[in-house]
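Have a look at the structure below before the remarks.
Source: prediction; values computed, not measured.
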Amino acid sequence: MHIIAGRFKGFLIPAALKGTRPTTDRTKEAIFSHLESEGLLSGARVLDLFAGTGALGFEALSRGAQSLVAVESSGRVAGLLSRSAAGLRHHPAWDSAMDIRVSRNRAERFVRPLSSGHEDAGLSEACFDLVFMDPPYDLSTADCQSIMTGLTGRGMVDDRGMVVLERSTRTPPPTAPEGWAIDQARTYGETAVYYLRPADYPRKFGG
């Protein structure tokens, strides 16, 4: 698997481990085409929940994002993420103003308030411009919505930001958290992608 465009184009991302389900290149290209058309990548602070191989977060960095927090519960997969992050830091196109952090944590725990002494407390108190959620398809829609409610309820997403949720086309569509709306929904083969924004975004910021 490779980064498909941007400053790190061609960078090799280690193959997926058993139990991970990387986003296909077709779906990834469609997602990033949409994000670029919305002007959401340049200088963005990105959160990649259920990061897996890191394909979405690393692609965002390659296409102009400034920082990435990648959250992954599996220790082995988080180790691969950290090695990929180290490789990017040594890439000729790396900018010293960029930042990558890997958090070995469960997504549902990451979005809950943490004690000030917890090692992830600073990361989970951040505000992000763009959040990717690509959970296992067997995670229930109710659990997905609970995580999104944690994100938006704590103000972890900027009021000009976006949450990108990937689900199986066979699972029920999500309901947006209070104060948010599904801005667009697209289907790519077996994958449904939902783009969520604050409900008042078009009115306040002109669409």
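Atom CZ of Arg106 sits about 9.0 Å away from atom CZ of Arg112, to the nearest 0.5 Å. In this structure, Leu80 CG and Ser82 OG are separated by 9.0 Å, a value rounded to the nearest 0.5 Å. The distance from atom OG1 of Thr191 to atom CZ of Arg26, rounded to the nearest 0.5 Å, is 9.0 Å. The distance from the OG1 atom of Thr169 to the OH atom of Tyr137 is 7.5 Å, given to the nearest 0.5 Å.
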Requested in this report: Mind running side-chain contact (heavy atoms from CB on, under 4.5 Å) on Ile147 and Leu49 for me, showing each step along the way?
Outcome: CA-CA 10 Å; Ile147 292 168; Leu49 293 170; 4.0 Å; yes

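Applying the side-chain hydrogen bond (donor to acceptor under 3.5 Å, both in side chains) rule to Asp25 yields no partners; only residues at least two apart in sequence or on another chain are considered. Remark: Phe11 pairs with no residue by the ring pair (Phe, Tyr, Trp, His ring centres under 6.0 Å) rule, at least two apart or across chains. Residues passing the salt bridge (charged side-chain N to carboxylate O under 4.0 Å, His left out) test with Arg45 are Asp129, Asp158, sequence neighbours excluded.
No side-chain donor-acceptor contact under 3.5 Å links Arg197 to the backbone of Ile182. Side chain of Ser62 to main chain of Arg7: a donor-acceptor pair is present (N/O by atom type, distance under 3.5 Å, no hydrogens or angles). One N or O on the side chain of His91 and one on the backbone of Ala93 form a donor-acceptor pair closer than 3.5 Å. At distances below 3.5 Å, at least one donor-acceptor pair connects side-chain atoms of Glu72 with backbone N or O atoms of Ser74. Remark: the backbone N or O of Ser96 is not paired with any side-chain donor or acceptor of Arg89 at under 3.5 angstrom.
For the 3.5 Å distance criterion, the side chains of Thr171 and Ser168 fail to qualify, holding no donor opposite an acceptor. Looking only at atom types and distance, the side chain of Ser146 has no donor-acceptor partner in the side chain of Asp143 under 3.5 Å away.
Taking the charged nitrogens against the carboxylate oxygens, Arg63 and Glu59 do have a contact shorter than 4.0 Å, which makes a salt bridge.
Residues Phe132 and Tyr195 keep their aromatic ring centres 6.0 Å or farther apart.
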